[in-house]
There are 2 protein chains.
Amino acid sequence: MTPVTAAERSDAARNRERLLLAARELIEQGGAAALTMDRLAEHAGVGKGTVFRRFGSRAGLMLTLLDDSEAAFQARFLFGPPPLGPGGTPLDRLIAFGAERIAYVVEYGDLVLEAGNASRGRFEVPAVALWNQDVEMLLRAGGVESREPGLLAGSLTAALDPERLLHLIRDHGVTRERLAASWCELVTRVAGGA
Amino acid sequence: MTPVTAAERSDAARNRERLLLAARELIEQGGAAALTMDRLAEHAGVGKGTVFRRFGSRAGLMLTLLDDSEAAFQARFLFGPPPLGPGGTPLDRLIAFGAERIAYVVEYGDLVLEAGNASRGRFEVPAVALWNQDVEMLLRAGGVESREPGLLAGSLTAALDPERLLHLIRDHGVTRERLAASWCELVTRVAGGA
DNA sequence: AGAGTAAACGGACCGCAGTCCGTTTATATT
DNA sequence: AATATAAACGGACTGCGGTCCGTTTACTCT
């Protein structure tokens, strides 16, 4: 039988694994800044062209590196326990959503930052579109009526922009707790709470 | 008498003018993308080192290019006629603020975008700090009480992020009017409106 | 097994932002 | 006018992300 999606060639698969392994090693040693595409190629024992064919760009690589944890986040939102998962009130889920995003951004720091430098800008990152949908869905479920629910959701998720969060945390000493509280205040107000 | 701030040397002043003129010419011809630091140096008839000593970085140059229009915006906010200037209700001013920012971003497009790539990130841009203060002041004047007014104001201005606005306009065909309406809805809700 | 093919490979190459440092020049001082 | 000096100058240089294209290699078909 002929597979609709051509199977990946074995050498390609092997090299992809090598590259991801090498990338994690380099980052573990010297942070995201220590990961240059040349160094990665050398460390993984492949040519530079291979790196770019595999991931398209530096940002694409970062995105791939974050793929697992992003999927895990989405899974917790869709199937996990409250308050983030289904079960709680929409407003509680919204509040939890922000708190979890903040924690996520803190944990992965520079990786998230650099993943945002994609060719079309950081709003093309697939995960961003997902968050927007999540927030929009929660707003609707929470009874928030708007003529532009997508834009309203986007306005809210903009407050969770990784660059903004990390800037506040690193350069202004704002704690995660204060950010979470501010997010809570924002969504509560928008949802029409007291 | 000895000036506290050493006067700028005449050749330096002359070169600064030349560079700004050359930069505007290059941008007029081929957009911001056509402005490379090498080309600018050549077009202005100075060495590359001079360009960087003057503006620090590409983003710094863009910032300088935007300086006048940013100052004009701030002046209209501080001294201009309502609805943006003092005189109207805080909520009306807030709404006008968003509409004007959207128009501004549309007008200067790529320039604003590239000015955001500063070393410390786009939240170090001086104008951004100003907007935050403006919004914070209007929120306070509008009777919005918050334990973290600065963070709340920042959450709102995040919705006016140039990259977000331009992405929506250029890649999703969202009109200025819809963006302005969405901003209006956001601030009205946050200000506790119906 | 052998031939054919599409895909993967690798590394020289490009243009860019940004740095460095030996040289030149405007200005203040006498 | 001559001198001193701090500042400005210029362009070669570095390291980076990203591209290109001739070569090699894994799979398929007979």
Side-chain angles (χ1 to χ4, degrees), chain A residues 1-20 22-23 26-27 30-65 110 113-121, chain B residues 1-20 22-23 26-27 30-65 110 113-121:
Chain A
M1 66 186 175
T2 321
V4 178
T5 309
E8 188 178 40
R9 242 170 68 169
S10 62
D11 52 348
R14 179 171 40 79
N15 281 336
R16 199 191 52 233
E17 291 313 310
R18 269 198 206 170
L19 281 166
L20 288 174
L26 286 174
I27 288 174
L35 181 84
T36 73
M37 301 306 257
D38 290 87
R39 257 213 279 268
L40 174 58
E42 192 192 11
H43 192 61
V46 306
K48 195 178 180 180
T50 302
V51 182
F52 279 90
R53 190 165 345 86
R54 205 58 74 213
F55 303 109
S57 69
R58 183 184 163 80
L61 170 64
M62 299 300 182
L63 241 29
T64 306
L65 252 17
D110 298 312
L113 234 48
E114 308 220 28
N117 300 136
S119 53
R120 301 286 296 183
Chain B
M1 67 184 173
T2 322
V4 177
T5 309
E8 188 177 40
R9 242 170 68 168
S10 62
D11 52 348
R14 179 172 40 80
N15 281 336
R16 199 192 51 232
E17 291 314 310
R18 270 197 206 172
L19 281 166
L20 287 175
L26 285 175
I27 288 175
L35 181 84
T36 72
M37 302 305 260
D38 291 87
R39 258 213 279 267
L40 174 59
E42 191 193 9
H43 192 62
V46 306
K48 193 177 181 179
T50 302
V51 182
F52 279 90
R53 189 165 346 86
R54 205 57 70 212
F55 304 107
S57 69
R58 183 183 163 80
L61 169 64
M62 299 300 180
L63 243 28
T64 305
L65 252 17
D110 298 313
L113 235 47
E114 307 219 32
N117 300 136
S119 54
R120 300 286 293 183

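Note that the coordinates shown come from a computational prediction; the quantities given were computed from them, not determined experimentally. Here is the naming used below: chain letters follow the sequence lines, and residue numbers restart at 1 for every chain.
- Between the side chain of K48(B) and the base of dA17(C), a donor-acceptor pair under 3.5 Å is found.
- The nearest whole Å value for the distance from the CZ atom in R39(A) to the P atom in dG18(D) is 16 Å.
- In this entry the distance linking CZ of R54(B) with P of dA8(D) reads 6 Å, nearest Å.
- Atom CD of E114(A) and atom CZ of R58(A) lie 4.0 Å apart (nearest 0.5 Å).
- Judged by closest nucleotide on DNA chain D, D11(B) is the one of S57(A) and D11(B) placed further toward the 5' end.
- Comparing dA6(C), dT27(C), dC9(C) against the side chain of S10(B) picks out dT27(C) as the nearest.
- Mapping V46(A) and R14(B) onto DNA chain C by nearest heavy atom places V46(A) at the nucleotide closer to the 5' end.
- The nucleotide whose nearest atom lies closest to any side-chain atom of T50(A) is, among dG10(C), dG11(C), dA26(D), dG10(C).
- Side-chain N/O atoms of N15(B) include none lying less than 4.0 angstrom from OP1 or OP2 on dA8(D).
- The distance from atom CZ of F55(A) to atom C1' of dG18(D) is 15 Å, rounded to the nearest whole Å.
- Residues A33(B) and D38(A) each lie close to DNA chain C; by heavy-atom proximity, the contact nearer the 5' end of the strand is made by D38(A).
- Rounding to whole angstrom units, CG of residue L61(B) and C1' of dC16(C) are separated by 15 Å.
- Spacing between atom CG of L40(A) and atom P of dC16(D) amounts to 13 Å, rounded to whole angstrom units.
- For T36(B) and dG15(C), the shortest distance from a side-chain N or O to OP1 or OP2 is not below 4.0 Å.
- Of all non-hydrogen atoms in F55(B) and T64(B), the two that sit nearest each other are CD2-OG1, 3.6 Å.
- Evaluation of atom-type donor-acceptor distances gives a pair under 3.5 Å for the side chain of R9(B) against the base of dA7(D).
- Using a distance-only test at 3.5 Å, with no hydrogens or angles considered, a donor-acceptor pair links the side chain of R39(B) to the main chain of A34(B).
- Out of dA17(C), dA8(D), dG17(D), the shortest distance to the side chain of F52(B) is found at dA17(C).
- You'll find the side chain of M62(B) reaches within 4.5 Å of the side chain of L35(B), heavy atoms only.
- In this structure, E42(B) atom CD and dC9(D) atom C1' are separated by 17 Å, rounded to whole Å.
- For dG17(D), one of the phosphate oxygens OP1 or OP2 lies less than 4.0 angstrom from a side-chain nitrogen or oxygen of R58(A).
- What separates CZ of R53(A) from P of dC21(D) is a distance of 14 Å, to the nearest Å.
- A close approach under 4.0 Å does not occur between any side-chain nitrogen or oxygen of R16(B) and OP1 or OP2 of dA8(D).
- The nearest whole Å value for the distance from the CE atom in M62(A) to the C1' atom in dC16(D) is 13 Å.
- With R16(B) contributing its side chain and R54(B) its backbone, the two residues share no donor-acceptor pair below 3.5 Å.
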